[in-house]
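Pasting a structure below so you can have a look.
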Amino acid sequence: MMKNEDIENGKMAIAVCEPLYLSQHFMKDGHSVEKANGTITYVRYKNHIFGITCAHVYFSQFDDGVASKCLMVYGNRTSYHFGVYTENGYSSLFRSMRKNKEDVVQPDIAIVHLGGGYEELHMEQKNKHPIELDKLTEPDWENVKMCMATGFPTEHKTQTETHVSAGLAQVTAECTDKLSSTRDKFMLFSSLPEPHNVFFSGMSGGPIFCDDITGQNTLTLVGIVFEGTPGSSADWNSRRDDSFLNSADVQIHGYTLTPKIFEGWLRELQFINN
């Protein structure tokens with residue numbers, strides 16, 4: 001049974017992120033629970049709204065270098081895809097910090113600048129609000145013990161005759177080491193009393209929060225999910241018998257996110273040139 005605190009935390013988390021679907025162009029594949037998804041997290045920085053996901057989500061659009069699919073979100077009887085059609089074909093509006101999907105050196109992060117009325121036309125209609133990075137109060141990093149990773153697992157969607165619903169996962173686990181604004185990555189790990197039967201694939205790009213530090217019943221952003229275990233059910237079921245992790249364990253990897261780190265990402269992606 002969920003506690004009232006968990007419900008309130010879920011409401012705050014779901015307001016700043018949503019499922020980011022991988023779709024064939026012009027929705028030729030329709031919309032169903034089988035459609036793969038990642039997560040997009042909304043932030044505002046210096047009066048500009050951006051969407052954050054993972055580079056591996058970005059690269060899922062491409063087949064042999066060609067953008068055979070697109071990333072999109074859904075509103076009320078509307079859809080919005082993050083790309084444009086040019087004489088050279090489809091071009092994604094996301095910019096990836098990794099130059100190719102084999103790159104494991106650069107952060108697994110992709111960012112899109114959301115202008116052109118996106119906030120009014122889409123976000124306000126879905127009651128979405130960007131995290132205000134300019135007003136972000138950083139935590140007492142050394143004393144952060146537990147964090148809550150959030151996102152939308154692709155294998156746990158439900159469907160009716162008229163709607164596809166993606167439920168928000170709230171994965172609370174212990175920090176395996178002290179968090180720091182100068183460390184680029186961190187890991188969360190906990191072992192539960194019994195198997196949880198949740199697969200985390202699809203949470204990539206979701207926000208990670210630590211406990212309230214302001215006394216104002218708010219969540220404090222500390223990072224972005226880029227990997228979780230168990231991931232997909234197929235990968236999990238094919239693991240070796242001597243696997244270190246079992247079905248009661250949760251493991252989340254995240255990139256640390258602060259205003260300074262985010263500005264560095266924007267400069268690397270040439271959203272900021274000076």
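Just the heavy atoms: all of them, side chains too, but no hydrogens, waters or symmetry mates, feed the values below. Numbers here simply count residues along the sequence, with the first being 1.
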Q | Which residues share a salt bridge (charged side-chain N to carboxylate O under 4.0 Å, His left out) with Glu124, sequence neighbours left out | A | none
(Q) If we ignore hydrogens and angles and just use 3.5 Å, is the side chain of Lys128 paired with the main-chain N or O of Met123 as donor and acceptor? (A) no
Q. If you measure from the Lys or Arg side-chain nitrogens to the Asp or Glu carboxylate oxygens, is any gap between Glu263 and Lys260 under 4.0 Å?
A. no
Q. Judged by atom type as modelled, is there a donor-acceptor pair below 3.5 Å linking the side chain of Ser204 to the main-chain atoms of Gly38?
A. no
Q: Name all residues meeting the side chain to side chain donor-acceptor pair (under 3.5 Å) criterion together with Thr160; count only those two or more places apart in sequence or in a different chain, and write none if there are none.
A: none
Q: Determine which pairs satisfy ring pair (Phe, Tyr, Trp, His ring centres under 6.0 Å) with at least one residue from residues 66-114, sequence neighbours left out, and list them in order.
A: Tyr21-Tyr74, His25-Tyr85, His25-Tyr90, Phe26-Tyr85, His31-Tyr74, His48-His113, Phe50-His113, Tyr80-Phe82, Tyr80-Tyr118, His81-Tyr85, His81-Tyr90, Phe82-Phe94, Phe82-Tyr118, Tyr85-Tyr90
Q. Of the non-hydrogen atoms in Met97 and Pro107, which two are nearest, and what is the gap between them?
A. CB-O, 3.6 Å
Q | Partners passing side chain to side chain donor-acceptor pair (under 3.5 Å) against Ser91 (at least two apart in sequence or in another chain) | A | none
Q: Check whether Val198 and Ile208 end up in the same hydrophobic cluster, where Ile, Leu, Val, Met, Phe, Trp and Tyr are linked by side-chain heavy atoms less than 4.5 Å apart.
A: yes
Q: Can you tell me which residue pairs pass the ring pair (Phe, Tyr, Trp, His ring centres under 6.0 Å) test with a partner in residues 131-163, sequence neighbours excluded?
A: none
Q. Can you tell me how far the NZ atom of Lys69 sits from the CG atom of Asp63, to the nearest 0.5 Å?
A. 9.0 Å
Q.
To check you understand the geometry: which heavy-atom pair defines the closest contact between Thr41 and Gly205, and what is its length?
A. OG1-O, 2.6 Å
(Q) Could you go through Leu257 and Ile52, starting from their C-alpha distance and side-chain angles, then the distance that decides it, and tell me whether this counts as side-chain contact (heavy atoms from CB on, under 4.5 Å)? (A) CA-CA 11 Å; Leu257 181 55; Ile52 307 172; 3.9 Å; yes
Q: Go through the steps to decide whether Tyr255 and Trp265 satisfy the test side-chain contact (heavy atoms from CB on, under 4.5 Å), and finish with yes or no.
A: CA-CA 12 Å; Tyr255 285 107; Trp265 291 350; 4.2 Å; yes
Q) Under 3.5 Å, is there a donor-acceptor pair between the Lys35 and Ser23 side chains? A) yes
Q) Is a side-chain donor or acceptor of Thr229 paired with a backbone partner of Gln251 at a separation under 3.5 angstrom? A) no
(Q) Taking transitive links into account, so neighbours of neighbours count too, which hydrophobic residues share a cluster with Met146 at under 4.5 Å side-chain distance? (A) none
Q | Listed once per pair and sorted, the side-chain hydrogen bond (donor to acceptor under 3.5 Å, both in side chains) pairs that draw on residues 93-111, sequence neighbours left out | A | His56-Asp108
Q. Residues in side-chain contact (heavy atoms from CB on, under 4.5 Å) with His129, at least two apart?
A. Ala15, Asn127
Q: Spell out, yes or no, whether Met72 and Tyr58 are grouped together once hydrophobic residues are joined by side-chain heavy atoms under 4.5 Å, including indirect joins.
A: no
**Q.** Partner residues of Leu93 under the side-chain contact (heavy atoms from CB on, under 4.5 Å) criterion, sequence neighbours left out
**A.** Val84, Val112
Q.
Within the supplied structure, the quantity of interest is the number of heavy atoms (other residues, nucleotides, ligands) at a distance under 6.0 Å from Asp134 CG; does it exceed 12?
A. yes
(Q) Could you see if Phe189 belongs to whatever hydrophobic cluster contains Ile252? Use Ile, Leu, Val, Met, Phe, Trp, Tyr and a side-chain cutoff under 4.5 Å. (A) no
Q | Ion pair check, Asp177 and Arg183, cut-off under 4.0 Å | A | yes
Q: Establish whether Ile261 and Ile109 are linked, either directly or via other cluster members, by ILVMFWY side-chain heavy-atom contacts under 4.5 Å.
A: yes
Q: Not counting sequence neighbours, which residues clear side-chain contact (heavy atoms from CB on, under 4.5 Å) with Lys145? List them please.
A: none
**Q.** Atom pair CZ (Phe186) and NE2 (His253), whose distance is rounded to the nearest 0.5 Å
**A.** 11.0 Å
Q: Specify the closest pair of heavy atoms between Val33 and Gln159, including all atoms of both residues, with the distance to one decimal.
A: N-OE1, 3.3 Å
Q: Please check if Met203 and Leu192 belong to a single hydrophobic cluster, counting links between Ile, Leu, Val, Met, Phe, Trp and Tyr side chain heavy atoms closer than 4.5 Å.
A: yes
Q) If you look at every heavy atom in Leu219 and Ala13, which pair is closest and at what distance? A) CD1-N, 4.2 Å
Q.
As an exercise, state the distance from CD1 of Ile131 to CD1 of Ile49, rounded to the nearest 0.5 Å.
A. 12.0 Å
Q | Qualifying residues under side chain to side chain donor-acceptor pair (under 3.5 Å), relative to Lys126, sequence neighbours excluded | A | Glu18
Q: Apply side chain to side chain donor-acceptor pair (under 3.5 Å) to Ser32 and list each qualifying residue two or more places apart in sequence or on a separate chain.
A: Glu34
Q | Spacing of CG belonging to Leu168 relative to CD1 belonging to Ile14, to within rounding of 0.5 Å | A | 5.0 Å
Q. Take atom CD in Glu227; do more than 12 heavy atoms of anything else shown fall under 6.0 Å from it?
A. yes
